[in-house]
Structures are given as structure tokens and as C-alpha cells.
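Naming: A, B, ... by sequence-line order, numbering from 1 per chain.
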Protein chains: 2
Amino acid sequence: MIENEIFKALADPTRRAIFEKLAAGRMNASALRHGMAISQPAISQHLSVLRKARLVREERQGRVVNYEVDPEGLSLIAGWLERYRAYWPTRVAALSELLKDMEP
Amino acid sequence: MIENEIFKALADPTRRAIFEKLAAGRMNASALRHGMAISQPAISQHLSVLRKARLVREERQGRVVNYEVDPEGLSLIAGWLERYRAYWPTRVAALSELLKDMEP
DNA sequence: TCAAAACATAAGCACACACTTATGTGTTTG
DNA sequence: CAAACACATAAGTGTGTGCTTATGTTTTGA
């Protein structure tokens, strides 16, 4: 049940902050730490959680590990959200209708 | 920071199950409990969390309290998701572009 | 090859969280 | 009015979570 891991991962504000930083561009763990009053292991643990939730993916380059947003997790949330499109505000719901007519 | 409450609320599988039931139609707390191996106070507490997260709203009718999906919370998540539309898969991203041209 | 750099993992701790049982608060009905 | 209903709140408990410091692992560079 990956949904659970995604929502749990996003339920922590520090993790969302990390995710937002990565959304601005790929970055390594040390760079992510800049400006955050948190230890290096904490960042590493958060990244591990985000990675298991498919919200982030890593790419090792030498002794540096670069992280970037993984679209997989985001699209899984989008999929979950779409199950409740009947309750979305009209402007969002209208979009959802368009979606159904697009590429299968 | 309502975002935090929303994600925290959805991070629990029991709460998501309750939400899914409500998505099928408005219901009172007792009806929600049917088929769930959980105590009455637990349901009540979960509903409180969902309500504070704007995912659910209540309407008292006599001694019965009916619950239903509140679009507010869903649209807040949709808004959060949209911030990262650059990373969505193409078919979702295309939709997001359309959204921007619709009603302001 | 040896030290430093960049992370990951281990272990421990304080707090949050999801549950329980017990009790309280309104509301309806006989 | 009193008993029954429908639900909320209180209080307590085990488990999970986020953090820390300490230590491990791999890679680079002098």
C-alpha cells in the first residue's frame, strides 16, 4: 500500500520542505541541509522515507548523491485525488472530465 | 498551516477508509462504524481529525450527526499538487495548463 | 595510502498518535 | 420525567516517529 507511505511521507513539514527544495532543482544531501537547522542523519533519514514513497529518487555520482523529484509519487496522489473528483470544486472537476477524453 | 493537518489526516489508513465511505454518500457516525472493527470513540476521534483538516463536514439533525465530504480539503490538496505540475506526467500536466486558462 | 568528504546506519530518547474503557452531553420517545 | 440513543470527551496505554550523537561505508585527493 504505497498510498500510505506517500501520505505519511508528506505528513511531516520538514519532509515537505525538503521536497519543495528538490522541486526547485536537483540537489545533493549537503546542499539540501543548508539553511535547515537539522543534523545530517536527519536529512538522510527523511530522504530515505521520501524515496520509499516514490516522491524522490537518487542518483549516485562519485561520493555525491544527487536527489530529484520522482514524478511517480506525485502521479499516485493525483490518481488518488481523481477518485474523488465528484467532490472537487467545479473548475477542477471540469478539468478532470477533459482528462478522461485524452490519451488512454 | 492547514496543509499539515490534511496530510496528517490522510496518513492514517482507517481515516482514509472512513473518508472513502463518506465519498460514497453522506452518513452518520454509527453507519460509518458498520463493518469496521473499531470502537465508537475511535470513529468519533477520527471524524474530528478529518473535520479539522476540512476533509469532512458535519450537520447535526436531531440526535444524529451526518457527515459528508468537504470539498475544501480536497481542493487544498489539489492546489498543493499543482505547485509541482512541472513534474507531473504529461497527461496530467497538460490538464494543468488548461486549468490556468479557465475561470480566474 | 591515509585523511577527509559525503552519506548511511545504529542506538537511544522524548513526544505524538491511535486505540481502548469509562463517563459526559444533548436529544428523542414512551 | 426517565430511559434509551447518538455521539463527544477524558484518561490511560502501547507503539510509532523524528530527532539526536556515535559509528560505519565508500569515494576522492594529496
Inset, instruction - Show your working on salt bridge (Lys or Arg N to Asp or Glu O under 4.0 Å) between Glu82(B) and Arg85(B) and close with a plain yes or no. - result: CA-CA 5 Å; Glu82(B) 227 221 304; Arg85(B) 62 174 183 280; 3.6 Å; yes
Legend entry - Audit row: Arg15(B), Val49(B), side chain to side chain contact (heavy atoms under 4.5 Å, CB included) steps and yes/no: CA-CA 9 Å; Arg15(B) 229 132 50 201; Val49(B) 172; 3.8 Å; yes
Inset, instruction - Before giving the answer on salt bridge (Lys or Arg N to Asp or Glu O under 4.0 Å), spell out for Glu59(B) and Arg26(B) the whole-Å C-alpha distance, their side-chain angles and the decisive distance to 0.1 Å. - result: CA-CA 10 Å; Glu59(B) 190 182 354; Arg26(B) 84 194 265 118; 2.7 Å; yes
Inset, instruction - Could you walk me through whether Phe19(A) and Val69(A) pass the side chain to side chain contact (heavy atoms under 4.5 Å, CB included) test, one step at a time? - result: CA-CA 7 Å; Phe19(A) 183 79; Val69(A) 170; 4.0 Å; yes
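At a threshold of 4.0 angstrom between heavy atoms, the contacts of Leu47(A) with the nucleic acid are absent. When heavy atoms are screened at a 4.0 angstrom cut-off, Ser48(B) is found touching no nucleic acid atom at all. Residue contacts for Ser39(A): at a heavy-atom cut-off of 4.0 Å it reaches a base atom on one of the strands shown. Arg33(B) comes within 4.0 angstrom of nothing in the nucleic acid, heavy atoms only. Counting any heavy atom pair closer than 4.0 Å across all strands shown, Ala29(A) reaches sugar-phosphate atoms only and no base atom.
Summarising the geometry, the separation between CD1 on Ile18(B) and C1' on dA18(C) is reported as 11 Å, rounded to the nearest angstrom. Atom CZ of Arg60(A) is separated from atom C1' of dC7(C) by 6 Å (rounded to the nearest Å). dT9(D) atom P lies 8 Å from atom NZ of Lys52(B), rounded to whole Å. Going from atom CZ of Arg51(B) over to atom C1' of dC7(D) covers 12 Å, rounded to whole Å. Atoms CD1 (Ile43(B)) and P (dA8(D)) sit 10 Å apart, rounded to a whole Å. For the pair Glu59(A) CD and dC7(C) P, the computed distance is 13 Å after rounding to whole Å. Distance, Leu10(A) CG to dG18(D) P: 12 Å, rounded to whole Å. In this structure, the CE atom of Met36(B) is 14 Å from the P atom of dA18(C), given to the nearest Å.
Residues Ile38(B) and Glu58(A) each lie close to DNA chain C; by heavy-atom proximity, the contact nearer the 5' end of the strand is made by Glu58(A). Each of Asn66(B) and Ala37(A) lies near DNA chain D, and the nucleotide nearest Asn66(B) is the one positioned closer to the 5' end.
Judged by distance alone, with hydrogens and angles left aside, Gln40(A) brings no side-chain donor or acceptor close enough to the base of dA6(C) to form a pair under 3.5 Å.
Distances shorter than 4.0 Å separate some side-chain N or O of Tyr67(B) from OP1 or OP2 on dA8(D). Contact annotation: Ser44(B) side-chain N/O to dT9(D) OP1/OP2 distance is not under 4.0 Å. Phosphate contact (OP1/OP2 of dA18(C), side-chain N/O of Arg15(B), threshold under 4.0 Å): present.
Listed nucleotides: dC7(D), dT28(D), dG16(D). Nearest to the side chain of Val64(B): dC7(D). Closest to the side chain of Arg63(B), out of dT9(C), dT28(C), dT20(C), is dT28(C). Counting only heavy atoms from C-beta on, Gln45(A) has its side chain closest to dA11(C) among dT9(D), dA18(C), dA11(C). Of all nucleotides listed (dA8(C), dA6(D), dT27(D)), dA6(D) comes nearest to the side chain of Ser30(B). If you check dA8(D), dT20(D), dA8(C) against the side chain of Ala42(A), the one that comes closest is dT20(D). Side-chain proximity of His46(A) to dA6(C), dA6(D), dG18(D): nearest is dG18(D).
Judged purely by distance below 3.5 Å, without hydrogens or angles, the side chains of Asn66(A) and Arg60(A) never pair a donor atom with an acceptor atom.
Residues Glu3(B) and Arg83(B) are paired through a salt bridge, judged by an N-O separation under 4.0 Å between the basic side chain and the carboxylate.
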